[in-house]
Amino acid sequence: MFNNINENKFIFKAVFFDFGGTLMDAESDKRAHYHMMKEIKDNYRLVIPVEELIFLFEKQLFNKDTTLKINPDTEYEKNNFQKLYTYYEASFQSLLESCNLAFKPSDLNIFKNIYLKNHLKYITLSEGAMESIFMVKEKGYHCGIISDIDIDYQEKQFKALNIDQEFNSITTSEEIEIYKPAAPIFEAALKKANCLGKEALMIGDSYEKDIVGGKNMGMTTIWINRYQKQIDTNYNIDSMADFTVVQLKDILPILERLL
């Protein structure tokens, strides 16, 4: 949906993308989880179907819009920050306990290897990802990432996807030790781009994290509304996305208009 606004008022210096569910295809993440659970099922000789293992694993991990369930006590507090991967480990431990298996510290090493191998193998970019990145760069804008992603995983995954050299800046929650939509992660990204919020465009799939977080900084926003469908009516009208699309590739004509 192209909202009824006048794009001539925009003067941008930077475009920022979220990664998970935005540049990264969310369906490929589901494939990675399927094969990850298949391997876990075989490794632990579980009789539970793979689909049920996925359900047990993900019900503790994800919200309805496929964003991770972050502990609210850590989300906005630097001193209590935990890496995202710790939530995956906790979900895996819960899964084993649900299967009546005694959890051992060595299980975390097994899980880490299985998790990384399958994500590097099955994760793909969303349709339109490279075209969007190239358009931003070819038009001379700062092309950045703002993502709740662990640095070590980001480096490996970006290299596997051949996008490790494509961005002018990458700002992660681990680097700033706080999660979106908290202001510090957006402030750090804007500082790297040497621009103000009103001079930047934020593109993401999480309404709360990407859109509300971006609008709080005065950024123009594009919401990839693939799963959430509706927004919380408690949000202020000033937090509404400037543009809403269903798939990442749908942003291409918007970028053509704005940049």
Side-chain angles (χ1 to χ4, degrees), residues 18-75 77 79-126 145 147-164 170 172-180 205-206 209 227:
D18 169 55
F19 179 66
T22 302
L23 290 180
M24 181 201 80
D25 179 20
E27 292 301 314
S28 71
D29 193 45
K30 292 181 180 180
R31 287 194 296 273
H33 282 200
Y34 176 86
H35 290 282
M36 177 177 73
M37 285 302 156
K38 187 174 184 300
E39 191 167 344
I40 288 171
K41 173 181 168 70
D42 293 341
N43 186 82
Y44 289 92
R45 299 179 180 178
L46 301 173
V47 297
I48 299 176
V50 172
E51 291 77 10
E52 186 172 344
L53 292 174
I54 294 171
F55 173 77
L56 291 171
F57 181 74
E58 292 186 349
K59 74 174 184 177
Q60 180 174 323
L61 197 60
F62 292 132
N63 296 304
K64 64 179 180 180
D65 63 347
T66 72
T67 55
L68 283 168
K69 293 180 179 178
I70 304 299
N71 186 336
D73 293 332
T74 70
E75 190 158 2
E77 297 183 18
N79 294 336
N80 292 326
F81 179 83
Q82 297 181 67
K83 292 179 61 170
L84 278 187
Y85 186 68
T86 61
Y87 294 92
Y88 282 87
E89 289 182 329
S91 293
F92 174 63
Q93 181 174 346
S94 175
L95 171 67
L96 293 185
E97 291 169 350
S98 296
C99 296
N100 297 316
L101 293 176
F103 174 78
K104 307 181 297 297
S106 59
D107 289 319
L108 292 182
N109 291 328
I110 294 172
F111 175 67
K112 184 174 184 178
N113 291 332
I114 293 175
Y115 174 90
L116 187 59
K117 177 177 68 175
N118 284 283
H119 279 73
L120 295 182
K121 181 176 181 179
Y122 292 104
I123 291 296
T124 60
L125 293 173
S126 298
I145 291 283
S147 179
D148 286 343
I149 191 172
D150 295 337
I151 295 172
D152 54 350
Y153 172 68
Q154 172 258 307
E155 291 174 344
K156 292 181 177 69
Q157 191 65 73
F158 279 32
K159 187 172 183 179
L161 292 170
N162 294 316
I163 59 171
D164 52 315
I170 297 174
T172 70
S173 52
E174 183 183 4
E175 174 194 352
I176 310 303
E177 296 188 343
I178 203 162
Y179 288 105
K180 295 183 293 183
D205 69 309
S206 170
K209 290 179 174 292
Y227 296 109

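Worth knowing before you read on, the calculation uses all heavy atoms, side chains too, and leaves out hydrogens, waters and symmetry mates.
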Heavy atoms from other residues, nucleotides or ligands near NZ of Lys83 exceed 12 (cutoff 6.0 Å): yes

Side chains of Asp25 and Arg31 in contact at under 4.5 Å (non-hydrogen atoms): yes

Verdict with reasoning, Leu108 to Lys112, per side chain to side chain contact (heavy atoms under 4.5 Å, CB included): CA-CA 6 Å; Leu108 292 182; Lys112 184 174 184 178; over 6 Å; no

Any donor-acceptor N/O pair, Ser94 side chain to Ala90 backbone, under 3.5 Å: no

Lys/Arg-Asp/Glu bridge criterion (N-O < 4.0 Å) met for Asp18, Lys180: yes

Heavy-atom side-chain proximity of Leu125 to Met24 below 4.5 angstrom: no

Atom pair CG (Asp152) and CD (Glu174), whose distance is rounded to the nearest 0.5 Å: 6.0 Å

Within 6.0 angstrom of Phe55 CZ, more than 12 heavy atoms from elsewhere: no

Non-hydrogen side-chain atoms of Leu101 and Leu46 separated by less than 4.5 Å: yes

Atom pair NZ (Lys30) and CD (Glu58), whose distance is rounded to the nearest 0.5 Å: 8.0 Å

Mutual orientation of the aromatic rings belonging to Tyr153 and His119 [parallel < 30°, tilted 30-60°, perpendicular > 60°]: perpendicular

Among Tyr88, Phe92, Phe57, Tyr87, ring-ring contact (aromatic ring centres under 6.0 Å, His included) partner for Tyr115: Tyr88

Donor on one side chain, acceptor on other, Asn118 and His33, under 3.5 Å: no

Inter-residue atom distance Lys121.NZ - Ile123.CD1, 0.5 Å rounding: 13.0 Å

Audit row: Tyr44, Asp107, side chain to side chain contact (heavy atoms under 4.5 Å, CB included) steps and yes/no: CA-CA 10 Å; Tyr44 289 92; Asp107 289 319; 2.7 Å; yes

Heavy-atom pair of closest approach, residues Lys41 and Val50: CD-CG2, 3.7 Å

Closest contact, heavy atoms only, Ala26 versus Gly21: CB-CA, 4.3 Å

Side-chain donor-acceptor contact under 3.5 Å, Gln93 with Glu97: yes

Min side-chain heavy-atom separation Tyr179-Leu84 under 4.5 Å: yes

Worked check of side chain to side chain contact (heavy atoms under 4.5 Å, CB included) between Leu95 and Met37: CA-CA 10 Å; Leu95 171 67; Met37 285 302 156; 3.7 Å; yes

Pairwise side-chain contact, Thr22 with Ser147, heavy-atom cut-off 4.5 Å (strictly under): no

Side-chain heavy-atom pair Lys117, Glu39 within 4.5 angstrom cut-off: yes

Leu23 vs Ile145 side-chain heavy atoms within contact, under 4.5 Å: yes

CG-NZ distance between Leu120 and Lys156, expressed to the nearest 0.5 angstrom: 8.0 Å

Spatial distance of atom CD (Gln157) from atom CD1 (Ile163) [nearest 0.5 Å]: 8.0 Å

Phe111 and Tyr85 aromatic ring geometry - parallel, tilted or perpendicular at 30°/60° bounds: parallel

Value rounded to 0.5 Å, distance of OG in Ser206 from CG in Asp148: 8.5 Å

Nearest atoms (heavy-atom pairs only) where Ile151 meets Glu175: CD1-N, 4.0 Å

